[in-house]
Protein chains: 2
Amino acid sequence: MQNQSNNMTIDPVNILKEHSLKHTKQRIRVLEEIALDTVAISQPELEKKLGKEIDRVTLYRILNIYEDKGILHRIMDMNGTANYAICSSSCSEDHHHDEHVHFNCTNCTKIYCLDVVLPQIKMPQGFTAATMHTTAYGICEKCSVMVSK
Amino acid sequence: MQNQSNNMTIDPVNILKEHSLKHTKQRIRVLEEIALDTVAISQPELEKKLGKEIDRVTLYRILNIYEDKGILHRIMDMNGTANYAICSSSCSEDHHHDEHVHFNCTNCTKIYCLDVVLPQIKMPQGFTAATMHTTAYGICEKCSVMVSK
DNA sequence: ATATAAATGCAATAGTATTGCATTTATGAT
DNA sequence: ATCATAAATGCAATACTATTGCATTTATAT
């Protein structure tokens, strides 16, 4: 459910068009790679996979642009490294609707985007929240199966 | 309310005793500095303040031990840098009860520990959450006052 | 007072991310 | 299709965050 490949539904060229970004082969590759799985992928993993095709710096720049445009969202893991996943279609440059819950497995370190909606939380007087990030830390589906074997 | 100095209620030497840690002047200084404010302080800020007194590496090691022991809790900010705040008294080595909500100001970058309790969120089948981190991003009390002036 | 284990400081190194600049590429106008 | 132009890329250098190994210093239990 969280793990399904969703590359069928992602059209990199179209996404680039929608956000008036030039479609270079590097930008297309990055989207293809991230779209392979709804589980978020870390910058180091991306670099390992794409390092021969795309320069480190270019990769960073592409990831930043995609985040700015609301194409990807960025989740920090417990080590402070950036992880990326495709945003739901409702995200835009103005506002990231990534108010869902992330699950960061402390065993395999994978980050899942859960289909759980975060309950509304009321802020104290004077504090205005624009976005909300929630991450649960624990053992994921796959790892709990492996452990119990 | 979130901002009050709480150094009256923090006794570094006692905290160290409770966790059977040797009380060195470096460890005491770190606790003193962090206890000055309930707003979390980042590693770089701490290093700037304590860099003349304490070696970088020692500071990292002290922060790691304090986190392991449940004395401090660590909050990652949007840049992936570690921020530290004193844990509530109920935290222990076994379990961090830091299920409260953090507020990360996108203007001044300060991280507040809010007195808001996170509603229970139920995990999907197979996922077991041990801890839960929620961070709201937006404009804090102080910054919204400044802006409105 | 002293032995011992632990903590510290220093040097080196690893990992993550950014900046500046020359070269290459995508795209709109011709 | 060609070309001019602005934008994207690649490369080198650099900054920032964090960790490891080892010699020296320090806390504390005897």
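Here is how names work: the chains are called A, B, and so on, in the same order as the sequence lines, proteins then strands, and each is numbered from 1. Any value given below was found using the heavy atoms of this structure, including those in side chains, with hydrogens, waters and symmetry copies removed. Note that the structure is a prediction, hence the values are computed from the model and not measured.
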Worksheet item: Can you tell me if the side-chain N/O atoms of B:Q26 get under 4.0 Å from OP1 or OP2 in C:dG9?
Response: yes

Item to complete: Identify, between A:I65 and B:M76, the residue whose nearest nucleotide on DNA chain D lies closer to the 5' end.
Response: A:I65

Worksheet item: For the pair made of CZ in B:R29 and P in D:dT26, what is the distance, rounded to whole Å?
Response: 18 Å

Discussion item. Check this for me, if you would: do B:E33 and B:R29 make a salt bridge, where the nitrogen-to-carboxylate-oxygen distance has to be below 4.0 angstrom?
Written reply: yes

Worksheet item: Where the side chain of B:V57 is concerned, which of D:dT19, C:dT18, D:dG10 is the nearest nucleotide?
Response: D:dT19

Fill in: B:L63 CG - D:dT19 C1' separation (whole Å)
14 Å

Discussion item. Does a side-chain N or O of B:H23 approach OP1 or OP2 of D:dT28 to a distance below 4.0 Å, or not?
Written reply: yes

Discussion item. Testing the basics here: between A:D77 and A:N83, what is the closest heavy-atom pair and its distance to 0.1 Å?
Written reply: OD2-ND2, 3.4 Å

Item to complete: Check the distance between C:dT16's P and A:R74's CZ and give it to me in whole angstrom.
Response: 14 Å

Practice prompt. Identify the heavy atoms of B:H133 and B:R74 that sit nearest to each other, and give their distance.
Written response: CE1-O, 4.1 Å

Worksheet item: Side-chain donor or acceptor of A:R27 under 3.5 Å from a matching atom on the base of D:dA8?
Response: no

Worksheet, complete the sentence: Atom CZ of B:R56 and atom P of D:dA18 are separated, to the nearest Å, by 9 Å

Worksheet item: How close do A:T106 and A:M78 get, heavy atom to heavy atom, and via which atoms?
Response: CA-CE, 3.9 Å

Worksheet item: Looking only at heavy atoms, what is the nearest atom pair of A:L59 and A:I54, with distance?
Response: N-CG2, 3.9 Å

Item to complete: Please work out if B:T81 contacts a base, only the sugar-phosphate, or nothing of the nucleic acid, heavy-atom cut-off 4.0 Å.
Response: sugar-phosphate

Item to complete: Find the distance A:L16:CG to C:dA26:P and express it as a whole number of Å.
Response: 12 Å

Worksheet item: Rounded to the Å, how far apart are B:Q43 CD and C:dT16 C1'?
Response: 14 Å

Worksheet item: How would you label the contact of B:T58 with the nucleic acid (heavy atoms, under 4.0 Å): base, sugar-phosphate, or nothing?
Response: base

Worksheet item: Under 4.0 Å between a side-chain N/O of B:Y60 and OP1 or OP2 of D:dA18, yes or no?
Response: yes

Worksheet item: Between B:T24 and C:dT8, is there a side-chain N or O to OP1/OP2 distance below 4.0 Å?
Response: yes

Worksheet item: For C:dT18, does OP1 or OP2 lie under 4.0 Å from any side-chain N or O of A:N64?
Response: yes

Practice prompt. Write down the distance between NZ (B:K17) and C1' (D:dA27), rounded to a whole number of angstrom.
Written response: 13 Å

Response to the item:
Ranking A:K25 and B:N79 by the position along DNA chain C of their nearest nucleotide, the one closer to 5' is B:N79

Practice prompt. By nearest nucleotide on DNA chain D, pick out whichever of A:D55 and A:K22 is the more 5' one.
Written response: A:K22

Worksheet item: Taking the six-membered ring where the residue is Trp, are the ring centres of B:F127 and A:Y112 under 6.0 Å apart?
Response: yes

Practice prompt. Pick base, sugar-phosphate or nothing for B:R61, based on heavy-atom distances below 4.0 Å to the nucleic acid.
Written response: base

Practice prompt. Whole angstrom is fine here: how far is it from CD in A:E53 over to C1' in C:dT24?
Written response: 18 Å

